[in-house]
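The structure appears right after this line, and notes come after that.
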Amino acid sequence: MPELPEVETTRRGLSPHVVGRRVADVLVRERRLRWPVPDDLAGVLRGREILEIGRRGKYLLFRFAGGALIVHLGMSGSLRLAAAGEAVRRHDHVDILLDQGPLLRYHDPRRFGAMLWTPEPASHSLFAALGPEPLGEEFSPDYLWTASRGRRTAVKPFLMNAAIVVGVGNIYASEALFLAGVHPARETASLEREECMRLVAAIRQVLSQAIEMGGTTLRDFVNGHGQPGYFQQALHAYGRSGQSCMRCGTAIETLRLGQRASYFCPVCQG
DNA sequence: AAATATACCTGACTGC
DNA sequence: TGCAGTCAGGTATATT
C-alpha cells in the first residue's frame with residue numbers, strides 16, 4: 001500500500017524523467033476518484049512546465065508556475081512512466097502526456113486516490129492540519145512525548161494519525177512498534193520518554209530502509225518505472241500472524257485496533 | 001477536544 | 001460453478 005516510502009520512491013523515480021518537461025495534454029478516462037478529477041484539468045495543465053515534484057506526507061505535488069497538481073495514490077494507486085502507444089489496462093484512469101518521451105499513467109483499481117489542481121499549494125486545506133514529516137528534524141522524541149500527553153487512545157492509531165506525524169500507515173506502524181518493542185494497544189499517555197525516543201528512532205529507521213528498498217509491494221504498488229518494491233521481504237511483523245518472531249521465535253499475534261489489523265510479538269512487545 | 005464510526009471502492013478470498 | 005459475504009486500507013467527514 002502506498003505509505004510514505006512508496007510515495008517517495010515514486011517521486012524519486014519520476015523526477016529525473018519529467019522535471020523540465022511540458023504537459024502536452026491530459027487524458028482522463030475515469031474521473032471518479034476520491035474526489036472528481038477537475039474536468040478542465042487538461043486546459044489548466046496544457047503547455048505548463050513541470051518545475052519540481054515535491055512530497056508532503058503521502059501527497060505528491062507536481063509544481064508548476066502558478067500552481068500545483070496534487071496526486072494521492074490512495075491504497076492501490078500507482079503513477080508510472082508509459083511509452084506512447086503502450087496498451088491501456090483496466091484502471092488506467094489518467095494519462096498526462098508530455099511534450100516528449102514517455103507519458104505519466106495513473107492506475108488505481110480501488111479509486112481511493114486523488115488528482116487535484118491548486119493555484120496555492122502552500123495554503124491548501126488538505127495540508128492545513130498535517131503533522132511534521134517523520135524524517136525531518138521537527139519529529140523528535142521531545143515532540144512525540146509532548147504530543148502523547150493526555151491521549152487515551154492506543155499508540156498504534158495515534159502513530160497513524162496524520163495530525164501527529166504524516167506518512168505512517170498500517171504496515172509501517174506495525175513494523176515501527178515491533179522495532180521499538182512497544183505493544184500496539186499500549187495507552188498513548190503512558191509512554192515514557194525512553195519509549196518515545198525508541199519510537200522516533202524506529203519510525204525513522206523503518207521508513208528510511210523501506211525507501212532504500214523501493215517500498216513495499218503486497219499487491220498493487222509499482223514505482224515510476226512499473227517495478228515492484230522489495231521491502232516486503234524485510235517485514236518483521238506485518239502480515240506474519242502465526243509465524244515465528246524473528247527476534248525470539250514466539251508466534252506473531254494479531255489484533256484489531258481502530259478497524260485495522262495489528263501484528264505484534266507478545267514477548268518482544270509485552 | 002478527542003475518540004470513534006462511516007463512507008468511499010474493487011479484487012481476492014472464503015464458505016455454502 | 002456461482003454467489004454472497006468478508007477483508008484489505010488512507011483519510012475526509014460525521015457522530016458520539
Side-chain angles (χ1 to χ4, degrees), chain A residues 1-11 29-37 55-61 70-79 89-94 106-116 118 123-134 144 146-177 184-191 203 207 210 215-222 228-229 231-232 235 237-242 254-263:
Chain A
M1 311 301 156
E3 301 181 31
L4 187 147
E6 291 74 34
V7 177
E8 180 63 17
T9 294
T10 299
R11 190 190 72 78
R29 297 186 192 81
E30 172 60 83
R31 65 176 69 256
R32 294 175 300 166
L33 303 184
R34 165 175 276 282
W35 301 285
V37 178
R55 180 187 58 73
R56 178 73 176 98
K58 300 176 191 173
Y59 295 92
L60 287 170
L61 283 155
I70 301 172
V71 178
H72 196 293
L73 302 178
M75 281 186 42
S76 57
S78 62
L79 190 61
R89 295 171 306 172
R90 191 157 139 79
H91 307 306
D92 284 341
H93 301 317
V94 181
Y106 179 81
H107 176 89
D108 186 4
R110 272 160 276 187
R111 308 210 311 267
F112 274 21
M115 194 169 288
L116 298 170
T118 174
S123 60
H124 196 278
S125 60
L126 280 173
F127 310 130
L130 294 183
E133 289 286 332
L144 193 66
T146 303
S148 63
R149 296 308 88 189
R151 299 291 190 127
R152 307 281 313 269
T153 189
V155 63
K156 180 159 170 285
F158 172 75
L159 293 176
M160 291 172 64
N161 180 351
I164 301 301
V165 59
V166 297
V168 182
N170 202 39
I171 295 172
Y172 298 111
S174 271
E175 290 302 301
L177 286 161
R186 179 72 177 282
E187 184 180 299
T188 301
S190 77
L191 291 173
I203 288 169
L207 294 179
T216 299
T217 297
L218 297 180
R219 181 168 301 150
D220 300 296
F221 176 72
V222 291
F231 188 72
Q232 62 274 15
L235 294 174
Y238 183 88
R240 299 194 68 247
S241 192
T254 179
L255 64 87
R256 295 187 76 77
L257 289 170
Q259 338 286 84
R260 295 290 183 265
S262 307
Y263 302 88

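Here is how names work: the chains are called A, B, and so on, in the same order as the sequence lines, proteins then strands, and each is numbered from 1.
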With sugar-phosphate taken as primed atoms, P, OP1 and OP2 and all else as base, the protein-contact string of nucleotides 2-9 of chain B at under 4.0 Å (heavy atoms; B, S, -) is -SSSB-BB
Please enumerate all residues that pass side chain to side chain donor-acceptor pair (under 3.5 Å) together with [X], with sequence neighbours excluded.
| X | result |
| --- | --- |
| Arg32(A) | Glu30(A) |
| Ser262(A) | Lys156(A) |
| Asp92(A) | His107(A) |
| Thr216(A) | Tyr172(A) |

Arg31(A) meets the side chain to side chain contact (heavy atoms under 4.5 Å, CB included) criterion, sequence neighbours left out, with Val28(A), Val37(A), Asp39(A)
For [X] and [N], what is the distance between atoms [atom1] and [atom2] respectively, to the nearest whole Å?
| X | N | atom1 | atom2 | answer |
| --- | --- | --- | --- | --- |
| Asn170(A) | dC7(C) | CG | P | 15 Å |
| Ile164(A) | dG10(C) | CD1 | P | 17 Å |
| Trp35(A) | dA12(C) | CH2 | C1' | 6 Å |
| Leu116(A) | dA12(C) | CG | P | 11 Å |
| Arg256(A) | dC7(C) | CZ | P | 6 Å |
| Lys58(A) | dA12(C) | NZ | P | 10 Å |
| Leu130(A) | dA12(C) | CG | P | 7 Å |
| Leu257(A) | dA8(C) | CG | C1' | 16 Å |

Which part of the nucleic acid does [X] contact within heavy-atom distance under 4.0 Å: base, sugar-phosphate only, or nothing?
| X | answer |
| --- | --- |
| Tyr59(A) | sugar-phosphate |
| Ala261(A) | sugar-phosphate |
| Leu126(A) | sugar-phosphate |

Sequence neighbours excluded, which residues qualify as ring-ring contact (aromatic ring centres under 6.0 Å, His included) partners of Tyr263(A)?
Tyr238(A)
The salt bridge (Lys or Arg N to Asp or Glu O under 4.0 Å) partner of Arg55(A) among Glu3(A), Glu8(A), Glu6(A) is Glu8(A)
One would report the end-axis bend of the helix from dA2(B)-dT16(C) to dC16(B)-dG2(C), five pairs per end and rounded to 10 degrees, as 60°
Of all the choices, dA8(C), dT11(C), dG11(B), which nucleotide is nearest to the side chain of Arg90(A) once you look at every atom?
dG11(B)
His72(A) has a side chain; which of dT10(B), dT11(C), dA12(C) sits nearest to it?
dT11(C)
Separation of Met115(A) CE from Ile70(A) CD1 (nearest 0.5 Å):
11.5 Å
Please tabulate, for the side chains in residues 125-132 of chain A, all donor-acceptor contacts under 3.5 angstrom to protein atoms that are two or more places apart in sequence or on a different chain.
none

